[in-house]
Student: 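Have a look at the structure that comes next, please.
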Amino acid sequence: MKPITASIAFVALCACSPLEEVGRLPDFKPIQESSEASAMMNPGLPMHVEKTTPLDGASLWTASRQSLLGDRRAIERGDILTVVIEIDESAEISNNSSRGRSGSESMGIDGLLGIPERVNEILPEGATMANAVGTSSNSSSSGSGSVRRNEKLQLMVAATILDVLPNGVLRISGSQEVRVNYEIRELLVEGYVRPEDISRKNEITYEKIASARISYGGRGQISQMQQPRYGQQIADILLPF
């Protein structure tokens, strides 16, 4: 019975492992189940209702977003804006430290009412009370560290407004998937932006996104080859040496 149970467990494990993707292209994540699609299909309720008059429909100059001079920037749930990611940063830090200390102490009893002479007679040969206690210590330490980092990334991704907070701040989220051969490159962006930071071109730069979460990576054959085997990962966690 045990061999059968072990075989079933092994088959179930293989079904959930990357073995099922052998010889197949990596699948895209369905956009119908994304949070962006949910925001577009279920727009939020307006914060306030604007009063209209019968003459507004016949006016050539209106403040609506559909008018010629209307503000077409993303401001409502389900609207789309462009996030511009241009990261060009470099940092170099170097630290060196050193410390040293040495000390010595010595204590002896040459004469104390004749007691040292009496004690010297019963001490082993070569021992004397003249140098009863002597200590010395020496310690030193040194350390050095350096950090050198250079990052450059230029990307653009369309993001969707998921929610409008009570203070007017917009919560956005965007994703992009590009499949090249057997590798999918993923770009994920999420955070909070102010409506006034969105430009007239309906764009916003990444440094104006609060709590920004930007991820650029991939999944597929190349990404799998760059990762250590499952057994190596488990051994690195469990082995104490």
Side-chain angles (χ1 to χ4, degrees), residues 26-52 56 61-93 145 147-180 183-220 222-224 226-227 233:
D27 297 329
F28 290 108
K29 295 180 181 178
I31 60 176
Q32 296 85 356
E33 301 177 2
S34 64
S35 56
E36 296 95 324
S38 177
M40 297 179 188
M41 298 297 295
N42 304 287
L45 298 176
M47 299 297 295
H48 59 276
V49 179
E50 298 181 356
K51 295 182 180 181
T52 60
D56 292 338
W61 307 100
T62 62
S64 63
R65 303 177 63 185
Q66 291 76 18
S67 66
L68 181 62
L69 302 177
D71 189 359
R72 298 171 184 253
R73 292 179 296 181
I75 57 174
E76 298 178 355
R77 173 182 166 89
D79 290 348
I80 298 176
L81 72 157
T82 302
V83 178
V84 180
I85 304 172
E86 293 183 355
I87 301 176
D88 190 0
E89 299 177 349
S90 61
E92 186 171 353
I93 302 173
V147 176
R148 188 174 183 180
R149 181 172 57 88
N150 190 1
E151 299 175 350
K152 188 174 183 179
L153 185 65
Q154 295 182 353
L155 296 169
M156 297 180 67
V157 60
T160 305
I161 297 178
L162 301 184
D163 195 10
V164 181
L165 303 184
N167 60 352
V169 175
L170 311 176
R171 184 167 72 93
I172 65 172
S173 176
S175 61
Q176 183 183 92
E177 295 184 1
V178 180
R179 184 169 63 193
V180 181
E183 185 75 11
I184 285 185
R185 309 307 296 173
E186 295 177 322
L187 173 60
L188 305 176
V189 178
E190 189 173 359
Y192 298 90
V193 301
R194 299 185 303 175
E196 53 267 27
D197 290 335
I198 303 175
S199 67
R200 295 291 298 180
K201 298 173 62 177
N202 200 31
E203 295 180 351
I204 188 169
T205 53
Y206 80 99
E207 71 272 7
K208 297 179 181 179
I209 302 177
S211 300
R213 300 293 184 268
I214 301 174
S215 173
Y216 182 68
R219 52 188 173 91
I222 298 177
S223 299
Q224 291 178 2
Q226 292 177 342
Q227 298 294 327
Q233 297 181 22

Student: To the nearest 0.5 Å, what is the distance between CG on Asp79 and CZ on Arg73?
Tutor: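 Between Asp79 CG and Arg73 CZ, I get 12.0 Å after rounding to 0.5 Å.
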Student: Taking the side chain as C-beta and beyond, is there a heavy-atom pair between Gln154 and Lys152 under 4.5 Å?
Tutor: yes
Student: In a check of side chain to side chain contact (heavy atoms under 4.5 Å, CB included) between Leu187 and each of Val157, Val178, Val83, which one passes?
Tutor: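 By the side chain to side chain contact (heavy atoms under 4.5 Å, CB included) criterion, Leu187 pairs with just one of Val157, Val178, Val83: Val157.
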Student: Which atom pair, heavy atoms only, marks the closest approach of Ile209 to Thr205?
Tutor: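 Heavy-atom minimum between the residues: CG1-O, 3.8 Å.
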Student: Where do Tyr206 and Glu89 come nearest, in terms of heavy atoms and distance?
Tutor: OH-OE2, 3.7 Å
Student: As a test of understanding, state which of Thr160, Ile161, Leu162 forms a side chain to side chain contact (heavy atoms under 4.5 Å, CB included) with Arg171.
Tutor: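 Only match with Arg171 under side chain to side chain contact (heavy atoms under 4.5 Å, CB included): Leu162.
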Student: Is any side-chain heavy atom of Thr82 closer than 4.5 Å to a side-chain heavy atom of Asn202?
Tutor: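 No; the side chains remain at least 4.5 Å from each other.
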Student: Mind checking the CG-OG spacing from Asp163 to Ser173? Nearest 0.5 Å is all I need.
Tutor: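 Answer for the CG-OG pair, Asp163 versus Ser173, is 12.0 Å.
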Student: Show me the side-chain donor-acceptor pairs of residues 190-197 shorter than 3.5 Å, one per line, residues at least two apart or across chains.
Tutor:
unit_1, atom_1, unit_2, atom_2, d
Arg194, NE, Asp197, OD2, 2.9
Arg194, NH2, Asp197, OD1, 3.0
Arg194, NH2, Asp197, OD2, 3.3

Student: Any side-chain heavy atom of Ile198 sitting closer than 4.5 Å to one from Leu170?
Tutor: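 They are in contact (side-chain heavy atoms under 4.5 Å apart), so the answer is yes.
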Student: Return the CD to CD distance between Gln176 and Glu186, rounded to the nearest 0.5 Å.
Tutor: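 CD of Glu186 is found 11.0 Å from CD of Gln176.
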Student: Do other residues, nucleotides or ligands put more than 12 heavy atoms under 6.0 Å from Arg149 CZ?
Tutor: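 Above 12, so yes.
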Student: Once side-chain contact (heavy atoms from CB on, under 4.5 Å) is applied, do any residues pair with Ile222, and if so which ones, sequence neighbours excluded?
Tutor: Glu183, Gln226
